[in-house]
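For reference, the structure discussed in these notes is given below.
Start at 1 and go down the list; that is how both ligands and their atoms are numbered.
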Amino acid sequence: MVYDMTYNPENIFAKIIRGEIPCDKVYEDDHTLAFNDINPQAPVHVLVIPKGAYVNMEDFHAKASDEEIAALIRAVGEVAKIKGMSDTGYRILSNTGEDAHQEVPHLHIHVVGKRDLGRMLGKPKPEA
Ligand code: AMP
């Protein structure tokens with residue numbers, strides 16, 4: 001199955017950006033919003049999202065301006081600093097499309113830390 005790259009303005013992060021539903025905000029600038037994940041996988045688990053309408057990294061790298069791209073990456077660094085992880089380390093990841101099990105169809109970078117995060121990837125599931 002091919003992931004649908006048509007942006008759906010009713011996705012939950014679009015509603016957060018429009019202020020229709022609340023979020024636990026960590027950082028904001030002109031192009032970017034960062035907030036705590038509702039189901040944290042580590043003591044720190046923040047989602048960094050562009051305010052623009054991009055489905056995922058595939059969409060973002062093709063269509064976003066250099067300013068938006070720079071803002072997103074800088075925001076990750078700001079979040080790490082705000083959460084006190086600049087020294088201890090952290091992991092960033094962004095699930096894009098089907099194979100990565102992306103759930104919310106608005107680009108988001110997970111920033112996790114404040115525990116030993118182990119190795120990068122789990123083992124693949126055995127073939128059925
Ligand atoms: P992904 O599988 O990469 O698409 O991850 C989606 C993430 O969004 C999950 O970690 C969810 O816990 C998180 N999430 C879903 N709804 C909300 C919400 N309203 N506020 C904060 N995080 C959310």
Side-chain angles (χ1 to χ4, degrees):
M1 193 173 99
V2 176
Y3 201 83
D4 185 0
M5 294 287 281
T6 311
Y7 188 79
N8 174 4
E10 294 310 312
N11 80 76
I12 195 130
F13 294 170
K15 290 180 180 176
I16 286 175
I17 291 165
R18 291 197 296 268
E20 293 168 10
I21 63 168
C23 72
D24 186 9
K25 187 162 79 178
V26 173
Y27 171 83
E28 182 173 15
D29 62 35
D30 286 350
H31 295 295
T32 314
L33 180 64
F35 50 91
N36 288 314
D37 195 293
I38 206 165
N39 183 23
Q41 305 297 309
V44 171
H45 187 167
V46 177
L47 301 173
V48 182
I49 69 173
K51 290 182 175 174
Y54 302 103
V55 175
N56 56 29
M57 194 59 82
E58 214 21 53
D59 197 19
F60 190 65
H61 98 274
K63 297 183 195 155
S65 68
D66 289 355
E67 204 178 334
E68 289 174 296
I69 292 169
L72 192 72
I73 299 303
R74 290 227 157 80
V76 169
E78 288 301 320
V79 165
K81 196 160 44 173
I82 290 165
K83 292 291 187 179
M85 303 188 298
S86 301
D87 292 335
T88 50
Y90 52 95
R91 180 170 294 154
I92 65 174
L93 68 88
S94 186
N95 294 317
T96 291
E98 195 73 14
D99 278 355
H101 294 241
Q102 180 180 1
E103 285 173 11
V104 179
H106 182 110
L107 172 62
H108 48 286
I109 298 180
H110 297 256
V111 185
V112 293
K114 286 291 178 188
R115 71 165 168 80
D116 182 339
L117 296 164
R119 297 273 179 186
M120 189 171 72
L121 295 174
K123 291 198 174 89
K125 285 188 186 140
E127 296 292 327

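In summary, the side chains of Asp29 and Tyr27 do present a donor paired with an acceptor at a separation below 3.5 Å, with no hydrogens or angles considered.
Among protein heavy atoms, atom 8 (O) of ligand 1 sits closest to Phe13 CZ, 3.5 Å.
The proximity of Asn36 to ligand 1, defined as any non-hydrogen pair under 4.0 Å, is limited to the backbone.
Here the side chain of Arg74 pairs no donor or acceptor atom with the backbone of Ile69 at under 3.5 angstrom. Proximity of a side-chain donor or acceptor of Glu28 to a complementary backbone N or O of Val26 within less than 3.5 Å is not detected.
By the 4.0 Å N-to-carboxylate-O rule, Glu68 lies too far from Lys51 to be salt-bridged with it.
Here atom 20 (N) of ligand 1 lies nearest to Ile38 when heavy atoms of Ile109, Asp24, Ile38, Leu93 are compared.
Between Leu117 and the choices Arg115, Met120, Arg119, the side-chain contact (heavy atoms from CB on, under 4.5 Å) rule is met once, by Arg115.
An N or O contact shorter than 3.5 Å links Val104 to ligand 1 by distance. Distances between N or O atoms of His110 and those of ligand 1 include at least one value under 3.5 Å. Where the criterion is an N or O separation shorter than 3.5 Å, residue side chain and backbone included, Phe35 fails it with respect to ligand 1.
Numbered from 1 in the order shown, with element, the atoms of ligand 1 that lie under 4.0 Å from a heavy atom of His101 read 2 (O). Every atom of ligand 1 with a heavy atom of Asp37 under 4.0 Å away is listed here by number and element: 7 (C), 8 (O), 9 (C), 10 (O), 11 (C), 12 (O), 13 (C), 22 (N). Within the listing of ligand 1, atoms 1 (P), 2 (O), 3 (O) sit less than 4.0 angstrom from a heavy atom of Asn95. For ligand 1 and Glu103, the ligand atoms under 4.0 Å from any heavy atom of the residue are 1 (P), 2 (O), 4 (O). For ligand 1, the atoms closer than 4.0 angstrom to any heavy atom of Leu47 are 8 (O), 13 (C), 22 (N). Close approach to His108 involves these atoms of ligand 1, each under 4.0 Å from a residue heavy atom: 1 (P), 3 (O), 4 (O), 5 (O), 6 (C). Near Asn39, meaning under 4.0 Å from any of its heavy atoms, are these atoms of ligand 1: 12 (O).
Ligand 1 lies out of reach of Gln41, whose nearest heavy atom is not under 4.0 Å from it.
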For Ile49 and Phe35: C-alpha separation, side-chain torsions, deciding distance, then whether side chain to side chain contact (heavy atoms under 4.5 Å, CB included) applies. CA-CA 9 Å; Ile49 69 173; Phe35 50 91; 3.6 Å; yes
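Using a 4.5 Å cut-off on side-chain heavy atoms (C-beta onward), His110 and Asn95 make contact.
Between Tyr54 and Phe13, the ring center distance fails the sub-6.0 Å criterion. Aromatic rings of His108 and His106 (six-membered ring for Trp) have centroids beyond the 6.0 Å cut-off, not under it.
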